[in-house]
Amino acid sequence: MDQISLAVNGRTDIGQVREENEDSIRWHASADKPFAYMVVADGMGGYTGGATASKIAAETIQSHLDNLLEHTFISCTPEQQQLILRATLIDAINNANSALLNTKNMNPQFSKMGTTIVVAVMWRDFLIVAHIGDSRAYLWNNYGLQRLTRDHSVVQEMIDSGQMTPEQAKQSNVRNHITRALGISSSVEAEINSWKLTENALLLVCSDGLTEYLDDYAIERVLATHRPALECVYRFIDDANRLGGRDNISAGILEYSSQSMPQMLAQEQSVTQRPQSPDVTIRKSQR
């Protein structure tokens, strides 16, 4: 059986223009089990509304995932564990949506708030990703970069229908208009997909404050060349700020590696993590 090592790191930044960070990011890797996750939420809804929405969504989903590794899950078969992971994500997103709606009902000043969400969870070699909106997940390995999510946006629908090219979409006035979000209606449909990883890889989750400036080629170049791999989050944020930083920028990196047991005897490995820090934002005045 292969020994799996997971390491995670994340960062959120206010950017160069905004006066408030409406993004939230959460990440975690278990100290003794091959389990890790990352959550990025990009809020909307005016002053304090977007920040409130993303925080509620990220914290609700984090709470569900933190409670996943109980005895029942560990004792299940791999197939059952995969079903539990999917069900947990669905419940977490639905509960986050309900929490947002409840907050809006009790606080009229938040009536227009909502948020995107992207969640990536690793259990051993099983990766599952759920998303709503235009926050994205990417996978990079020796075969190159693969975008794991498809934007729920007006321009993506226009691209799919042939009304617009990807190049035109980058300049469109509606490029930031999303077609799905948490906290808008009582029913919410997340897009959920899963993969089995067969080789070492890097996983990136990010808000559109990053992909506004870095296309797939630029993202791949950073993931392929910048080391240590977990430091890519700082490189991504620096690049987006250097290119304009008109939006908040969030990025999380999960490093997945697998070694056979004979190799492990020669070199001790362990599941590692970057400690989760508070949702830190660097103000422009602190740069």
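The basis for the numbers below is simple: all heavy atoms, side chains too, and nothing from hydrogens, waters or symmetry mates.
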**Request:** Say whether Asp134 and Thr116, considering side chains only, have a donor N or O and an acceptor N or O under 3.5 Å apart.
**Result:** no
Ile117 reachable from Ile192 in the ILVMFWY side-chain graph, under 4.5 Å edges: yes
With Leu100 as partner, the option from Leu182, Val188, Ile184 fulfilling side-chain contact (heavy atoms from CB on, under 4.5 Å) is Leu182
Could you please spell out the steps behind the side chain to side chain donor-acceptor pair (under 3.5 Å) verdict for Asn105 and Thr103? CA-CA 5 Å; Asn105 288 336; Thr103 301; over 6 Å; no
Exercise for the section: Answer with yes or no whether the side chains of Asn141 and Tyr256 bring together a donor and an acceptor at under 3.5 Å. Expected result: no
### Phe126 ring center near Trp195 ring center (under 6.0 Å)
no
Exercise. Gln82 side chain to Glu79 main-chain N or O, any donor-acceptor pair under 3.5 Å?
Worked result: no
- prompt: Salt-bridged, Asp238 to Arg235, with N to O below 4.0 Å?
  reply: no
- [ ] Measure from the side-chain N and O atoms of Lys196 to the backbone N and O of Asp125, and report whether any donor-acceptor pair falls under 3.5 Å.
- [x] no
Between Glu212 and Arg246, does any side-chain N to carboxylate O distance fall below 4.0 Å? yes
Fill in: Audit row: His28, Val8, side-chain contact (heavy atoms from CB on, under 4.5 Å) steps and yes/no
CA-CA 7 Å; His28 171 74; Val8 291; 5.7 Å; no
Quiz item: Are the side chain of Arg180 and the backbone N or O of Glu189 linked by a donor-acceptor pair below 3.5 Å?
Solution: yes
Between Cys206 and the options Val40, Thr211, Ile249, Val233, the side-chain contact (heavy atoms from CB on, under 4.5 Å) test singles out Thr211
Q: Report the C-alpha distance between Phe236 and His226 in whole Å, list the side-chain angles of each, state the deciding distance to 0.1 Å, and finish with yes or no for side-chain contact (heavy atoms from CB on, under 4.5 Å).
A: CA-CA 10 Å; Phe236 282 133; His226 194 78; over 6 Å; no
- [ ] Would you confirm whether Asp215, through its side chain, and Ala218, through its main-chain N or O, come within 3.5 Å as a donor-acceptor pair?
- [x] yes
**Message:** Please verify the inter-ring angle class for His131 with His152; under 30° counts as parallel, over 60° as perpendicular, anything in between as tilted.
**Reply:** parallel
* **Step-by-step side chain to side chain donor-acceptor pair (under 3.5 Å) determination, His64 to Asp91** => CA-CA 8 Å; His64 280 71; Asp91 286 346; over 6 Å; no
Check your understanding: Would you say the side-chain atoms of Asn241 and Asp13 include a donor-acceptor pair closer than 3.5 Å?
Key -> yes
What do the steps show when you test Ile253 against Leu203 for side-chain contact (heavy atoms from CB on, under 4.5 Å), and what is the final call?
-> CA-CA 6 Å; Ile253 294 285; Leu203 178 68; over 6 Å; no
Assess, by modelled atom type and distance only, whether the side chains of Asp32 and Ser30 contain a donor and an acceptor separated by less than 3.5 Å. yes
Residue pair Ser207 / Asp23, side-chain donor-acceptor N/O under 3.5 Å: yes
Legend entry - Gln81 (side chain) donor-acceptor with Phe73 (main chain) under 3.5 angstrom: yes
Give the C-alpha distance, both sets of side-chain angles, the deciding distance and a yes or no for side-chain contact (heavy atoms from CB on, under 4.5 Å) between Lys33 and Leu69. CA-CA 9 Å; Lys33 293 180 177 65; Leu69 295 187; 3.9 Å; yes
* SB check Glu231 Arg227 (cutoff 4.0 Å) -> no
